[in-house]
Amino acid sequence: MTLADAVAHLSPERWATANRLLLRKALAEFAHERLITPEEDGGRYVVRSDDGLTTYRFSAVRRALDHWEIDAGSLTRHRESAELPLSALDFFIELKESLGLSDEILPVYLEEISSTLSGTCYKLTKPRVTSAELVDSGFQAIETGMTEGHPCFVANNGRLGFGVHDYLSYAPETASPVRLVWLAAHRSRAAFTAGTGIEYESFLRDELGEKTVERFRAVLTDRGLDPADYLFIPVHPWQWWNKLSVTFAAEVARRHLVCLGEGDDEYLAQQSIRTFFNTSDPRKHYVKTALSVLNMGFMRGLSAAYMEATPAINDWLARLIDGDPVLKATGLTIIRERAAVGYRHLEYERATDRYSPYRKMLAALWRESPVPSLRDGETLATMASLLHVDDEGASFAGALIERSGLAPTEWLRRYLRAYYTPLLHSFYAYDLVFMPHGENTILVLRDGAVQRAVYKDIAEEIAVMDPDAALPPQVRRIRVEVPEDTKLLSIFTDVFDCFFRFLAARLAAEGVLEEDGFWRTVAEVTREYQEANPQLAGRFRQYDVFAPEFALSCLNRLQLRDNRQMVDLADPSGALQLVGTLKNPIAGF
């Protein structure tokens with residue numbers, strides 16, 4: 001690839017399209033979060049810059065949950081009497097005060113926006129695939145075919161640290177095959193933990209293959225080192241070239257770390273960017289790696305300390321699901337994080353606190369693949385795909401409904417029973433909450449209809465909000481203290497506002513299912529669950545999912561305030577940005 005080829009996707013036409021799409025989303029989500037207040041003017045809406053001299057004008061439909069569906073083609077920018085080209089970077093500078101962007105955060109946020117725009121330009125070069133065609137594609141074709149990223153966050157593809165060559169090599173949408181780098185880590189500083197029934201040597205041989213294990217062992221013996229003194233750790237290639245080979249130079253020099261070379265299997269990066277699916281053998285585990293790249297409010301490292309309890313937490317949750325008849329009846333499963341390995345750089349640990357990215361540079365975990373659990377005729381798709389829209393404005397969800405032959409409300413009811421009912425039951429029966437966004441959920445489909453849901457990203461994302469819950473010692477990390485009045489936001493914000501809001505609007509815009517029909521179905525499935533579980537009636541009254549309104553919790557406000565560490569995962573409710581309320585769309589039913 002030549003120097004010029006690396007940026008061939010950055011053409012004036014594609015840049016203009018990317019800016020229009022991003023500004024449409026920015027205006028919609030910032031209006032939703034009440035950072036800006038569009039004024040009505042002659043059938044269109046107007047947003048003014050901080051100095052009042054620049055205006056953005058557009059047409060929009062207002063939907064449930066204060067969702068702004070803006071027509072991207074209608075969007076124009078004016079200063080005094082002149083019409084100006086749309087420029088996302090100018091927009092954030094012009095509305096810096098309204099958006100609460102500090103002098104320190106603004107340039108870094110602009111860099112994240114630039115990266116997000118560049119990624120959109122790349123996606124605009126890809127062959128046009130309709131949603132109907134994507135429905136017939138395989139699991140990984142759907143995964144790499146996603147074009148939007150997180151539906152709420154505006155700067156959702158920052159990936160600060162990636163150069164353009166890295167982007168083309170490792171971004172999920174480029175679908176470039178990746179071979180992981182393997183290191184040998186001295187056992188004095190490394191730890192391997194695993195779920196019940198897993199033993200290090202046999203697990204490694206299953207994952208790597210006998211030949212590769214022997215090749216790696218030979219690297220150590222050729223240097224006069226004893227393989228028994230080391231644990232093998234898979235590493236993201238970017239992390240090796242850009243961080244470990246330099247930042248961990250002392251460890252390499254002292255043979256605490258030894259580079260063994262690349263593994264033989266090829267992987268594809270997933271939507272979460274640091275997790276890899278094994279395409280050489282899809283039945284093998286996913287590998288999640290540490291990646292010291294800033295993306296969507298966090299440095300995407302992995303904590304060696306957190307890794308130690310990860311398999312135990314997964315085993316505990318798997319047992320809970322297996323032993324609960326309600327969860328079992330929904331078909332819910334998790335893909336467990338079965339084994340983890342972490343490396344502790346003792347000097348950086350002495351120099352930092354537990355939040356430091358220096359403590360999260362070298363760790364990995366292995367997560368089960370959902371492929372072996374498929375029955376005849378079943379296929380897989382990331383739940384994020386439901387919000388995907390093709391170039392002709394057709395959604396993947398609409399294409400699935402069409403394929404299923406079901407009435408839209410019946411298709412929706414099956415999806416809700418598989419995905420949403422387990423969330424309700426986990427909350428009401430166990431005070432257990434997930435981070436159930438589109439990228440963390442896999443849907444099992446048959447002929448376009450949802451059969452069941454698979455939750456993933458367990459150990460870092462689940463929480464038990466009952467301070468008195470009897471948890472095994474190694475699982476207690478997931479217990480968090482959350483104020484009573486914000487507990488139900490795990491449903492209202494994470495499910496209603498951050499996913500159903502977009503799905504309902506999409507289906508309504510396409511004429512597939514009216515919004516009332518969507519929310520009535522959500523209400524019916526909620527009532528169906530409550531009536532089937534009268535033993536929890538007291539909890540249903542205490543935490544009323546049919547309450548007339550709920551607090552608006554704002555995600556972009558978190559990132560605009562601190563785009564390096566949005567939330568302390570040990571105290572998720574402490575960072576919440578609550579601004580007014582939203583009308584609960586199921587309250588009327």
Side-chain angles (χ1 to χ4, degrees), residues 129-146 175 195 197 206-207 265-268 270-271 275-287 314 317-319 321-338 366-386 388 395-423 425 436 438-458 503 525:
V129 178
T130 66
S131 287
E133 290 166 337
L134 203 55
V135 163
D136 289 324
S137 304
F139 181 31
Q140 290 307 294
I142 294 168
E143 185 80 25
T144 58
M146 297 301 92
D206 287 345
E207 280 299 301
D265 285 355
E266 289 192 335
Y267 291 83
L268 273 182
Q270 302 296 282
Q271 288 285 308
T275 302
F276 292 96
F277 179 85
N278 191 321
T279 52
S280 297
D281 186 349
R283 301 176 73 83
K284 285 187 185 177
H285 291 74
Y286 288 92
V287 181
N314 279 263
L317 182 60
R319 284 193 302 273
I321 292 170
D322 208 40
D324 185 286
V326 178
L327 295 176
K328 202 102 157 114
T330 67
L332 175 73
T333 55
I334 61 169
I335 41 178
R336 289 174 294 176
E337 290 143 2
R338 298 294 281 139
W366 288 269
R367 177 186 294 144
E368 291 171 316
S369 166
V371 171
S373 69
L374 289 180
R375 299 165 198 141
D376 280 352
E378 290 183 337
T379 58
L380 298 166
T382 172
M383 194 176 83
S385 64
L386 296 186
H388 173 76
S395 71
F396 189 81
L400 285 177
I401 293 168
E402 176 86 11
R403 164 56 50 85
S404 74
L406 298 169
T409 48
E410 179 54 28
W411 184 95
L412 179 62
R413 188 173 284 108
R414 292 188 190 189
Y415 160 65
L416 292 171
R417 285 171 179 159
Y419 163 69
Y420 168 63
T421 299
L423 296 172
H425 187 63
E439 193 278 312
N440 268 356
T441 308
I442 296 169
L443 300 177
V444 180
L445 306 163
R446 177 179 274 120
D447 299 325
V450 178
Q451 301 295 296
R452 51 199 168 87
V454 181
Y455 295 167
K456 64 184 180 76
D457 218 353
I458 300 303
L503 183 57
V525 171

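Keep in mind that what you see is a predicted model, and the values were worked out from it rather than measured. Side chains included, hydrogens not; waters and symmetry mates left out as well; all remaining heavy atoms used.
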To check you understand the geometry: which heavy-atom pair defines the closest contact between [X] and [Y], and what is its length?
X	Y	result
Arg452	Ala418	CA-CB, 3.7 Å
Ala381	Ile142	CB-CD1, 3.9 Å
Ala449	Ser404	N-CB, 4.0 Å
Ala318	Ile334	N-CD1, 3.9 Å
Leu386	Ala397	O-CB, 3.3 Å

Flag the pair [X] / [Y] as yes when at least one side-chain heavy-atom distance between them is below 4.5 Å, and no otherwise.
X	Y	value
Met146	Ser385	yes
Arg283	Ser369	no
Thr279	Tyr267	no
Met383	Tyr415	yes
Phe139	Pro282	no
Arg403	Asp136	yes
Val450	Trp411	yes

- Item | Residues Leu380, Val444; criterion side chain to side chain contact (heavy atoms under 4.5 Å, CB included); working and verdict | CA-CA 5 Å; Leu380 298 166; Val444 180; 3.8 Å; yes
- Is the number of heavy atoms from other residues, nucleotides or ligands within 6.0 Å of CD (Glu402) greater than 12?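 No, because the 6.0 Å sphere around CD of Glu402 holds 12 heavy atoms or fewer from other groups.
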- Item | Partner of Phe277 under side chain to side chain contact (heavy atoms under 4.5 Å, CB included), chosen from Glu266, His285, Gln270 |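 In the set Glu266, His285, Gln270, the residue that makes a side chain to side chain contact (heavy atoms under 4.5 Å, CB included) with Phe277 is Gln270.
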- Given Leu445, which of Ile442, Leu443, Asp447 fulfils the side chain to side chain contact (heavy atoms under 4.5 Å, CB included) condition?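 Among Ile442, Leu443, Asp447, the one that satisfies the side chain to side chain contact (heavy atoms under 4.5 Å, CB included) with Leu445 is Leu443.
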Taking [Y]'s backbone N and O only, do any of them form a donor-acceptor pair with [X]'s side chain (distance below 3.5 Å, no angle check)?
X	Y	answer
Glu143	Gln271	yes
Glu337	Ile458	yes
Thr382	Gly438	yes
Glu410	Ala407	no

Would you call [X]-[Y] a salt bridge at under 4.0 Å N-O?
X	Y	result
Asp457	Arg367	yes
Lys328	Asp322	yes
Glu439	Lys456	yes

- Query: Passes side chain to side chain contact (heavy atoms under 4.5 Å, CB included), Tyr286 versus Asn278? Steps please.
  - Reply: CA-CA 6 Å; Tyr286 288 92; Asn278 191 321; over 6 Å; no
- Spatial distance of atom CD (Gln451) from atom OG1 (Thr330) [nearest 0.5 Å]: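 Here the interatomic distance stands at 12.5 Å.
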- Dump the intermediate steps for side chain to side chain contact (heavy atoms under 4.5 Å, CB included) on Arg446 and Leu374, then the final yes or no. CA-CA 10 Å; Arg446 177 179 274 120; Leu374 289 180; over 6 Å; no
- Query: Checking side chain to side chain contact (heavy atoms under 4.5 Å, CB included) for the pair Tyr455/Leu317: CA distance, chi angles, key distance, verdict?
  - Reply: CA-CA 11 Å; Tyr455 295 167; Leu317 182 60; over 6 Å; no
